[in-house]
Trainee: 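I'd like to ask you about the structure that follows.
Letters go in sequence order (proteins before strands), and every chain restarts at 1.
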Number of protein chains: 2
Amino acid sequence: MSQRKVISLETIRVACRNCSLSSLCLPMGLTAEDVERLDGIVKRTRPLHRGDFLFRDGDRFRSLYVVKTGSVKTFAPSPEGGEQVLGFHLPGEIIGLDAIDKDAHACSAKVLETSAICEIPFSRLEELTATIPSLQHQMYRLLSKEIGHDTDMLLLLGKKNAEERLAAFLLSLSRRLQKRGLSATDFYLSMSRHEIGNYLGLAVETVSRLFTRFQDDGLMRVDRKHIQLLDVHALQSLVGGAGQNRRQHQQQT
Amino acid sequence: MSQRKVISLETIRVACRNCSLSSLCLPMGLTAEDVERLDGIVKRTRPLHRGDFLFRDGDRFRSLYVVKTGSVKTFAPSPEGGEQVLGFHLPGEIIGLDAIDKDAHACSAKVLETSAICEIPFSRLEELTATIPSLQHQMYRLLSKEIGHDTDMLLLLGKKNAEERLAAFLLSLSRRLQKRGLSATDFYLSMSRHEIGNYLGLAVETVSRLFTRFQDDGLMRVDRKHIQLLDVHALQSLVGGAGQNRRQHQQQT
DNA sequence: ATGTTCGCTTGATGCAGGTCAAGCGACGGT
DNA sequence: ACCGTCGCTTGACCTGCATCAAGCGAACAT
């Protein structure tokens, strides 16, 4: 996020082994030699710009994509012509795993800001994983992690109110940016209020009102797309649902 | 579902190659020889009963589980002490994929009715997939499919109203039962109204009222847990969101 | 600089569905 | 056969958030 300068070609050609994201990406836990082999199949594309598509819903599945810098949103069409934002993807995150099953993309991926993206042809990757057990394991973990993440979203959409959703969203961004060595409390939103609302199952107006409220309550500072979190702990307790006396659907069997 | 008789030991010891579910399960597309090898690592447990756990949230991850007969629900604890039902699993469906990442289960799996379950130790499976490319591919597809399914649920929880959610739920059950050779229009619900509501992000009362309404509208017949779908096509058009003039969050960039 | 667009904010209003409350019938235990 | 429990239904009410409406300011083109 907040990546405003054009990325130089120099930067792009850096290999996996030098990539600052390797600890978040596929090479995690591989030997130097295996990283070289993986490196051999990764394509590094020229910088993409806001609005560019990595792929569109319906496209044949060929490659996975890893965000190197910038950010990408994925979204699926809903039957009525609207769309559901499925996620915002930051550096080190992998896009396209959901397309393996049907060998076609069920969602589209659109670049939110000038971004550098690695492309990994899946068939080549699959060959490689068959001969590198730790890479295979890493793939399973990545796919599994994606499921776990979706599960978290199900809980959020199924049980949390608007306040809890937005607080969770902000904290998720914060945590992920921090992992990438960026500020956890001061960042730019590359997505619009509308996209945030869509992602969280809320109306734009609700998102806007909540930003205002959070700011009035001293939890954060908002200036257009520039966000500063002032009281992370308070936000965390909001997510916990300590928000009020919110009744939970209890479960009995 | 509606599996009331106790499963005989005879049935349980049948191997993968004779399993009627093989086309839905891991063996899909394997050679006879490879199925044998897979078969060698699969454990078949004695029948489990309503309320039994396959695993609990926090347990160390060891195995994947496949439902052979019966049904299982998975659910995750939410911070406030409630829980979120994540899914209902029918014969042929695999449980536990979300635990690979952290090597621990983040949700619990509880048997809803007398069920037969296959257990597949994951470490053994992983060894096997490294030597059987088509099995590896099958695993990737399974994991990917799970992501796709979660994605559908995100859309449902994020954009659909109560009516659309329940209709989608009924049709999903119907479709899955049909794939397993059971009736698509006449079945028992092994889960409670409460669990359905929890899964769909609705209150029990709303689920109940909708069942009544759907019945009054001639879409289905409801008698306790016995369901008969009378007008599948009408239900499908409900899901489409033709429900009214439901406004969609449009997306612009 | 000036107009146009578009994303965002803010206020007013309405309603889908959650919450509360009460009753009923099925089922399991003794 | 009886009773208690529990899941389900139904009605009355209430509220959180969507919807509708209006206005504002930043970014951009001319």
Trainee: Do A/Ser115 and A/Thr69 have a side chain donor and acceptor closer than 3.5 Å?
Mentor: no

Trainee: At their closest point, which heavy atom of A/Phe211 faces which heavy atom of A/Leu170, and how far apart are they?
Mentor: CE2-CD2, 4.1 Å

Trainee: Scan for side-chain hydrogen bond (donor to acceptor under 3.5 Å, both in side chains) pairs involving residues 219-234 of chain B, sequence neighbours excluded, and state none if there are none.
Mentor: B/Asp186-B/His226

Trainee: Report the distance from atom CG of B/Leu189 to atom P of D/dG7, rounded to the nearest whole Å.
Mentor: 15 Å

Trainee: Listed by chain and number, what are the side-chain contact (heavy atoms from CB on, under 4.5 Å) partners of B/Gln178, not counting sequence neighbours?
Mentor: B/Ala184

Trainee: Using side-chain hydrogen bond (donor to acceptor under 3.5 Å, both in side chains) as the criterion, list what pairs up with A/Arg175, not counting sequence neighbours.
Mentor: none

Trainee: Nearest-Å distance, CG (B/Leu200) to P (C/dA16)?
Mentor: 19 Å

Trainee: Please enumerate all residues that pass side-chain contact (heavy atoms from CB on, under 4.5 Å) together with B/Glu119, with sequence neighbours excluded.
Mentor: B/Lys43, B/Thr45, B/Ser63, B/Tyr65

Trainee: If an axis is fit to five pairs at each end of the helix from C/dA1-D/dT30 to C/dT30-D/dA1, what is the angle between the two, to the nearest 10°?
Mentor: 50°

Trainee: side-chain contact (heavy atoms from CB on, under 4.5 Å) with B/Ser108: which residues, sequence neighbours excluded?
Mentor: B/Phe53, B/Arg56, B/Asp57, B/Phe75

Trainee: Under the rule for side-chain hydrogen bond (donor to acceptor under 3.5 Å, both in side chains), what residues qualify as partners of A/Gln84, not counting sequence neighbours?
Mentor: B/Lys159

Trainee: What is the separation between atom CD1 on A/Ile196 and atom C1' on D/dC17, rounded to the nearest whole Å?
Mentor: 17 Å

Trainee: In whole angstroms, how far is the P atom of C/dA16 from the CZ atom of B/Arg165?
Mentor: 14 Å

Trainee: For A/Leu112 and C/dG7, what is the distance between atoms CG and C1' respectively, to the nearest whole Å?
Mentor: 15 Å

Trainee: Round to the nearest Å and state the distance from B/Leu166 atom CG to C/dA16 atom P.
Mentor: 17 Å

Trainee: Can you name the side-chain contact (heavy atoms from CB on, under 4.5 Å) partners of A/Ala99, sequence neighbours left out?
Mentor: A/Phe61, A/His105

Trainee: In whole angstrom, give the distance that lies between atom NE2 of B/His226 and atom P of C/dC27.
Mentor: 14 Å

Trainee: Enumerate the protein-to-nucleotides 8-13 of chain D contacts in which both atoms are nitrogen or oxygen and the separation is below 3.5 Å.
Mentor:
from	atom 1	to	atom 2	distance (Å)
D/dC8	OP1	B/Arg193	N	3.3
D/dC8	OP1	B/Lys225	NZ	3.4
D/dC8	OP2	B/Arg193	N	2.9
D/dT9	OP1	B/Arg193	NH2	3.2
D/dT9	OP2	B/Arg193	NE	2.9
D/dT9	OP2	B/Ser208	OG	2.8
D/dT9	O5'	B/Ser208	OG	2.9
D/dT10	OP2	B/Thr212	OG1	2.6
D/dG11	N7	B/Arg209	NH1	2.8
D/dG11	O6	B/Arg209	NH2	3.4
D/dA12	N6	B/Arg209	NH2	3.4

Trainee: How long is the line joining CG of B/Asp223 and P of D/dG7, in whole Å?
Mentor: 18 Å

